Structures are given as C-alpha cells and as structure tokens.
There are 4 protein chains.
Amino acid sequence: MTTTSANSGRPGTRGAGEGGGRRRGKGTPALASERREHLVKLAAELFAEKGFQATTVRNIAEEAGILSGSLYHHFDSKESIVDEILAGFFNEIMAAYQGVIDEGKNPRDTIADLVRIAFGTLEPHRAAITVMQNDWNYLKGMDRFAYLSKSEDEVEKMWVDTIKAGQAGGLFRDDIDPKLTYRMIRDTVWVAVRWFRPGGRLNAQGLADHYLKVMFDGINTH
Amino acid sequence: MTTTSANSGRPGTRGAGEGGGRRRGKGTPALASERREHLVKLAAELFAEKGFQATTVRNIAEEAGILSGSLYHHFDSKESIVDEILAGFFNEIMAAYQGVIDEGKNPRDTIADLVRIAFGTLEPHRAAITVMQNDWNYLKGMDRFAYLSKSEDEVEKMWVDTIKAGQAGGLFRDDIDPKLTYRMIRDTVWVAVRWFRPGGRLNAQGLADHYLKVMFDGINTH
Amino acid sequence: MTTTSANSGRPGTRGAGEGGGRRRGKGTPALASERREHLVKLAAELFAEKGFQATTVRNIAEEAGILSGSLYHHFDSKESIVDEILAGFFNEIMAAYQGVIDEGKNPRDTIADLVRIAFGTLEPHRAAITVMQNDWNYLKGMDRFAYLSKSEDEVEKMWVDTIKAGQAGGLFRDDIDPKLTYRMIRDTVWVAVRWFRPGGRLNAQGLADHYLKVMFDGINTH
Amino acid sequence: MTTTSANSGRPGTRGAGEGGGRRRGKGTPALASERREHLVKLAAELFAEKGFQATTVRNIAEEAGILSGSLYHHFDSKESIVDEILAGFFNEIMAAYQGVIDEGKNPRDTIADLVRIAFGTLEPHRAAITVMQNDWNYLKGMDRFAYLSKSEDEVEKMWVDTIKAGQAGGLFRDDIDPKLTYRMIRDTVWVAVRWFRPGGRLNAQGLADHYLKVMFDGINTH
DNA sequence: GATGAATGAGAATTCATTCAT
DNA sequence: GATGAATGAATTCTCATTCAT
C-alpha cells in the first residue's frame, strides 16, 4: 500500500498520526522534518517557477545538491512532493476559513475577513498557490488529487452561504449571483499570485483593502 | 493601424515576405488549407483540456486520424501550433480593443465595452484563452513567445489610460489604483474560462453584465 | 526489377543504350537529359557540400524549386542520384586512364600523364570526387556500389603495373613499394579536393606539376 | 605552453572549473570512470566503421550491452562523445608535435620526426583519425567543433615554418611551395588510415620510412 | 511533370524511477 | 542517506518514399 492511498481523504484530516502507510517514513512525518521540509520547500520554488511538469526530479535534486535517485529516500515520487506542498496549504487555509466562520460575525465582516485571510496566504504560500493556479488543470486529472476538488467544494459552500446570508440580511445587493460572485472573488485573489511580489508598492493587506473597497462599493463615484 | 504593426514579428502571422530559413511555407497562412486550420482547432482543444506540455504530438495526430510524423507536413513543431492558436487570439482581441478605444466614448462606457469584448471572446476563443491561462508561465519563457508579453503591455496601457481618464473626469473614484484595478479586472475575466461553459445558466454577456454591475457599484446595498 | 540491378556491372560498361530496366525511364537516359542532368548537378553540389547522408531529398528538391515527391519522377531513389554522379566520374576517368596506357609511353611519362589526368578531373568533377572522398566509407557498404570497388581494383592494376615496369626498366628506384606508392599518389591527388579551389594560386595543372616534381625527385636538394 | 591554451574552450577538455550550465560533470574527465572511457572507445570504433551519422546511439548502446537512454547517464549527447574522441587525439598529437619543435633539431630531422609522429598515431588513434577523415566535412559545420579548425591552423603553422626554415638553410629545394607541400604530406599520412591495417606487411614506422624516402628523394633513380 | 498529403520506420533525447553498493 | 548506473517508456522530430489528383 503506497502513499497514494494514504493521501486519499481530505488534507484536513491528515494531520497528526497518519503516515502508517508510508513506505519509507522513518518515525512520524513530524520527526522526519528538517531535511524533508527543506526539500519540499526547494521543490515548491521550482514548481512555482517552472511548472510541475517542466520541473524534473533532477532539477530538484540538483538544487539540493544531491543526485536525483537520492530524493527517493525522502519521497515516494514527484507527485508525493507536490501533494505535500498543496496539502499543507489547503490544511492551513481551510482551518483559517473555518475559524472565521466560527466567530459568527456579520456576513460583511466575515467576507472581509475571508478575503484578508486569502490575500494573507499570498506571501507565505506563494509557491503553493502558484502551483495550484498553474498546474491545477493537470493535477486535478489524477486520482491522487481528487481531494483538492472536494476541499474546494467545501470552501465554496462557506463563502456562498455567507454571501447569501448577507443578501438575506440586507447587507448585500439582491441582484448579484452568490456563486458567481464567490468565483470572481476567489479567482481575483489567487490569480494575483502571478504578479504580486512582496516588497512591492502594496503588501498583501494593502491589496486586500484595495480589493475590498472596490468589491464592496464599486469603482464608480457616487 | 496599431494592431497590424504590433503583429509584425510574430511567427504565427509572418505570411507574405518570409521564405528564409523556414522549412515550410508556400502560400500565406491566410490561404493555408482548411486542413491546417482544422488541425489547429483540434490541437487547441487538446491543449486546453490537458495542457500544452501534457498534450503529445501523437495525441493531436491521433485526434486527426493521421500519424504523428504527418503533422510535420503542416507545422514546423508543436510550438508553432500553439503559436498559431495564441497569435490568432491576440490579433483579434487587440484589434477589437483598439476599435473601442478609437470610438472615443467616455471612460465608463469604454471600460464597459472592453469588459464586454473580453467576456465575448470567452466562447469563441475558449481554447486559446485556456492555454494562455494555464500554460502562460511555461510559454513565456521561450523566446518565440516574447511577443505575447509585448502585446500584453500594449493592452495594459489601453486599459490603464482609460481608467485614469475616468478618474480625471470624476467618473471613477480617486482612491483606486488604476494598474491594480486593471489587473484585477483582466484576471477576473480570463480566469472565468476555467469554469465558464457556454450553455450554462449565464451566457458570456450575462457574465459581463453581472461583473460590470459589481465592478461599478460594488456588492453592498446603498 | 529495379534500377539497382541495372547498375550492377561496371560503370565503364553502362554507356549508351542501357536503361531497359529503368522504372520510369522516359526514352533512353540520353534523351531524358536536360532536366535530369540539371537535377543531378544540383544534387552533386549539395552532396559535396553537406555529405550524402546529411543532404535530404527535400534539400535537393528545394534547390530545384520543386517538391521532394516530384524528384521521384526523375529518379528511383536518393541512391540512384549519387550513383549517377559517381558512375559518370568513374566512366570518364577510367577511359582517360586507359587511353594513356594504350599510348604505350615509357613508365615515367605514363605515370606523369596519369597524375595529370587525375589532377585534371579535380575541377570538372569536384563534386563527384568530394562525394567519393567523404562518403565512400558509407556508400561502399551498399551492394549497389560494389562496382566502385571493382573499378578501383582495375585502376590500381594499371598504376601498379606501370610503376613495376618503371622499376624493371631502371627508371624508378627499386626500394620503393609499388602498391604503397600508388596508394600514396592516389590519395594525395584526391584528397586535394578538400582544399583545392579553382581560381586560387595554382590551377590543377600547376598542382600536378608541383606534385610530379616532389614525387619524382623529392624535396631534398641534391 | 601553446598546446594547453589551444585547448581551452574545448568541451572535451573542460575539466576543472566548469559546472555552469552543464548537466553532468562531477569529477574531471580525467577522473571519469573507466566505464565512460570504455564507452568512448566502443563508440569510436563504430564511428570509424560506419561513420558518425550512420552510427546510431542505439548502435553504441547495444555494443555496450545497455539501453540507448542509459548512455545519457554518461554523455550529454552523441556529439559530446565524438568530441571526446577527437579532442583526445588532437590534444595528444599537438603536444607531441610541439615537443619535436621544441627540440630544435635541423628542419630535415624535424620534418622526419613530425612525419614519424603522425604515422605513429595511425595505430593507437585509428578510430579518431578515421572519424576525422570521413566526418570532418560534417562536423566542421557545427559550432562545437570550431576548435578543430583552429587547432589545424596551429599545426599548419608548425609544419610550414619548418619547411621554410629548411629551404632557407639550403636543405630543401627552393622551388617547392611550403604550404602545398605541407598539405600533401598531411593528407597522405592521414588518408592512409583508410587502408592501413596494423599487422599487415608494413607497420606504421615502416610506412613512415617508406614515405620519408619518397618524399625526401623522390621515386626516380638518380 | 508536378502537388500535397500521408506513411512508417527510426532518430536522438528525456525522465521518473529502481536498486545494488 | 547517498551514489552511480541503469531501465523503459515516451517524446519530439526527421526523412525517404508513395500515390491519388
């Protein structure tokens, strides 16, 4: 039984004590860290820069100063590396989203918080988000990554429900389509990873604020 | 005519006066057989569906019912196929944009028209836009596609100038960033290609209208 | 029955009225000329410049301003083109050699004449000789070109016999090896095609004279 | 040391301070496994026998008992193999030539030594010389092998200077052309690789002596 | 005579992965 | 943990040749 099956199930549920099915997991993943973590980070950078397919296992190994075969001491496969990258990101953002929802603020503040969280991941998870944006189409075709689609659906529900609540409460216009609106918000945020560079004119929160301004009140003068 | 000159240098549009190192190239692309046209279309679908890299030349040939080697009777390389796809799309949209600009309407109406044009390409150029979205990162690294970045810059200028004019004329809020706003609009439109399916609940113009509504006046009630 | 068999037999015997076995020979080869002759010449230039293998049928066709498939109206195959080139050269030189032998001059004058004839082909048969030098190794492996080796043997006999006669008659030193000496002369002449350019400092006969001087009397002062 | 600097820039001899874009290349070629060395030797034999172009990577791999892809563990490309072959030969012969020149003997003895060195490489470097003779025309067209032409020029200078010195010193006839004479010597030696077989009637030094005899004093009786 | 489309066999090369040491 | 050698399957591309029109 390979890692592939170990991964099925949402990232949100992977957390602590799995790893049993790991082929060469020394101890728990938690202890394996250090080196492994480092390799994942290197790989993430390369995947982000060149794309998953265009990045070879050799590229990663070279970056780490070892031979490509040696990578297989740490990972089952190239896929399992990108899996780790994406799962980590999904775990974190979904937990953060859920935290906001659980606070039970009013829909407008909730949406604002969600947007801020999303923009907030742009910097720390730049590589993962880039991979998600650019290689999603390719990865989603693999069984192994079916869980990504599932997670996406859960997230969509959180947002859409909040928007609907906002409409019901008279905070948001009635003549907008909740699902459509969610998608546009989502895409606008993530796609910013293509040009967003930390240290530029605006930081991630500046971006978020700018976007919230436009999204809530439009670009027209009133 | 701006568009025309912007095109010069693009392989996909070399047409008449070439002949040099090119291997193939009797007749201008304009006259190029329907066969060729057909093959480009097939390839576009595959590139859109599976990604440029993941689509093999064999895939394309099989789809056309010929052998992979036979494709090279029509095209120099896999790249030249995708080039033809993208150049066609860029040519068209830039001409359309320029047409709107040349009409000289007020900035708000101009932006609205630009948005409508962009959404309007979603259906007829779905494949090209998908490739542009998903494989941009990979393609932009190749000399051959440098012209895409250049065209992109030209387009950005059209939009940003219009937004600035709108601010100067009191139509648009002063506290939004023109460049940032352009990018968000642009990305929101193109990225919709990932989920937009003609024949769904909303057609492309419905999408455009919805988006204009949100973008101009925001999602808040007032 | 293909051309291949038609060619077996020495070039010297091909002469006028064969061609019966030709697959698409319109009339006799003699009449087919013009166009065909021209194509052979173009091909010869290309073979000489780039090598037989590296020259594609398309190269030749392009040079002639037609499509590659159209070449097959004139020739069976790429091989049959080079065959024609080499056979023509061999026919001519062997006839010339034989003419000299038949004159029955003394061995020293005979050798001198043979050398002059060989150098004399450098210009009119530059392409053929170049092909012979560069692609011999490749071509000799093909059944079709077995006749080249046979012709070579005949030629070798003419020279070696003459050298031996010269030794017997006291004209040439006894302590040189006739076969070895022949080979060195032969190679020295043909290999000159690599750098000999008509119109340079020395013409072909100047070259021949220089070589005869060195060969007969050495480079030492006496 | 002339030879050393002449070599700089040759891929085959890059040795120590590279590392840049190269894919492979731990360790200097000098340390390069015997495995690699062995593969180069196998390839050299095949190139010599069938020609560079006609030898496929599969041929080489089969000869080595591995799969063609596995060759790329050792070499970048087919070209880099032939490069290694030729560079090795050029390195050695140029060093040997330079050694003779540095001895400062009289021109006649120097020329004799150079000739003997050249013939002396016929056996140990048979394959490399054969490749050089047969595939030169093809290889010289590639940027990668530009250094071969340069080395050739350096060698020419050594010989021509020596011949001229011999003329100036009254050892060699004044009425021979130094450059022409050099070329004839050079070609006569190398082209012998086509028929020279170690173990035949004459060994390489026998050949050299025979040639020197003819070259110095001619084939005439005096 | 020529075109244009195609074939089919094979070319060099790439690359994730395996495994004995 | 790492190396070095290899696998094997796939990839893009080439090219002589065929043939209906």
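None of the values given here were measured: they were computed from a predicted structure. Sequence lines set the chain letters: A, B, ... in the order given, protein chains first and strands last, and positions in each chain run from 1.
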Give the table of side-chain donor-acceptor pairs shorter than 3.5 Å for residues 59-68 of chain B, with sequence neighbours excluded, one pair per line with atom names and distance.
residue	atom	partner	partner atom	Å
B:Asn59	OD1	B:Lys50	NZ	3.0
B:Asn59	OD1	B:Thr56	N	2.9
B:Asn59	OD1	B:Thr56	OG1	3.2
B:Asn59	ND2	B:Thr56	OG1	3.4

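- Not counting sequence neighbours, the partners of A:Val131 by the side chain to side chain contact (heavy atoms under 4.5 Å, CB included) test are A:Phe47, A:Val82, A:Leu86, A:Asp135, A:Leu139.
- Rounding to whole angstrom units, CG of residue B:Leu67 and P of F:dT11 are separated by 15 Å.
- Note on the helix from E:dA2-F:dT21 to E:dT21-F:dA2: terminal axis deviation equals 10°, with five pairs used at each end and the result rounded to 10°.
- Rounded to whole Å, the distance from CD on B:Glu37 to P on E:dG4 is 17 Å.
- Nearest to the side chain of C:Ile66, among F:dT7, E:dT17, E:dA2, sits E:dA2.
- Residues passing the salt bridge (charged side-chain N to carboxylate O under 4.0 Å, His left out) test with A:Glu49, sequence neighbours excluded: none.
- At a threshold of 4.5 Å between non-hydrogen side-chain atoms, the residues A:Thr130 and A:Asn134 count as touching.
- For D:Glu45, the side-chain hydrogen bond (donor to acceptor under 3.5 Å, both in side chains) criterion is met by D:Arg126, not counting sequence neighbours.
- A 4.5 Å side-chain heavy-atom check between D:Asp83 and D:Tyr147 finds at least one atom pair inside the cut-off.
- Remark: C1' of F:dA10 and NZ of B:Lys78 are 12 Å apart, rounded to the nearest angstrom.
- Comparing the C1' positions of E:dG1 and F:dT21 gives an interatomic distance of 13 Å, to the nearest angstrom.
- Within the 4.0 angstrom heavy-atom criterion, only backbone atoms of the sugar-phosphate kind lie near C:Ser77; the bases stay farther away.
- Mapping C:Leu39 and B:Ser70 onto DNA chain E via the closest heavy atom, the residue that lands nearer the 5' end is C:Leu39.
- For D:Lys41, the side-chain hydrogen bond (donor to acceptor under 3.5 Å, both in side chains) criterion is met by no residue, not counting sequence neighbours.
- Annotation: side chain of B:Ser80 is not in contact with side chain of B:His74 (no heavy-atom distance under 4.5 Å).
- OP1 and OP2 of E:dG4 both lie 4.0 Å or more from every side-chain N or O belonging to B:His74.
- A:Leu148 places none of its side-chain heavy atoms less than 4.5 Å from the side chain of A:Lys140.
- Within residues 43-61 of chain D, the residues that place at least one heavy atom under 4.0 Å from DNA chain E are, in residue-number order, D:Thr55, D:Thr56, D:Val57, D:Arg58.
- Nearest nucleotide to the D:His73 side chain, out of E:dA6, F:dG4, E:dG1: F:dG4.
- The CZ-C1' distance, from A:Arg36 to F:dG1, rounds to 14 Å in whole Å.
- D:Leu71 places its CG atom 17 Å from the P atom of E:dC15, with the value rounded to the nearest Å.
- A sub-4.0 Å separation between OP1 or OP2 of E:dT3 and a side-chain N or O of B:Arg35 is absent.
- For the side-chain hydrogen bond (donor to acceptor under 3.5 Å, both in side chains) test, no residue two or more places apart in sequence or in another chain qualifies with A:Gln53.
- For D:Tyr72 and E:dT14, the shortest distance from a side-chain N or O to OP1 or OP2 is not below 4.0 Å.
- Atoms CG (D:Asp76) and P (E:dT13) sit 9 Å apart, rounded to a whole Å.
- For the pair A:Glu62 CD and F:dT3 C1', the interatomic distance rounds to 15 Å; values are reported in whole Å.
- Rounded to an integer number of Å, the gap from CD of C:Glu34 to P of E:dG1 is 10 Å.
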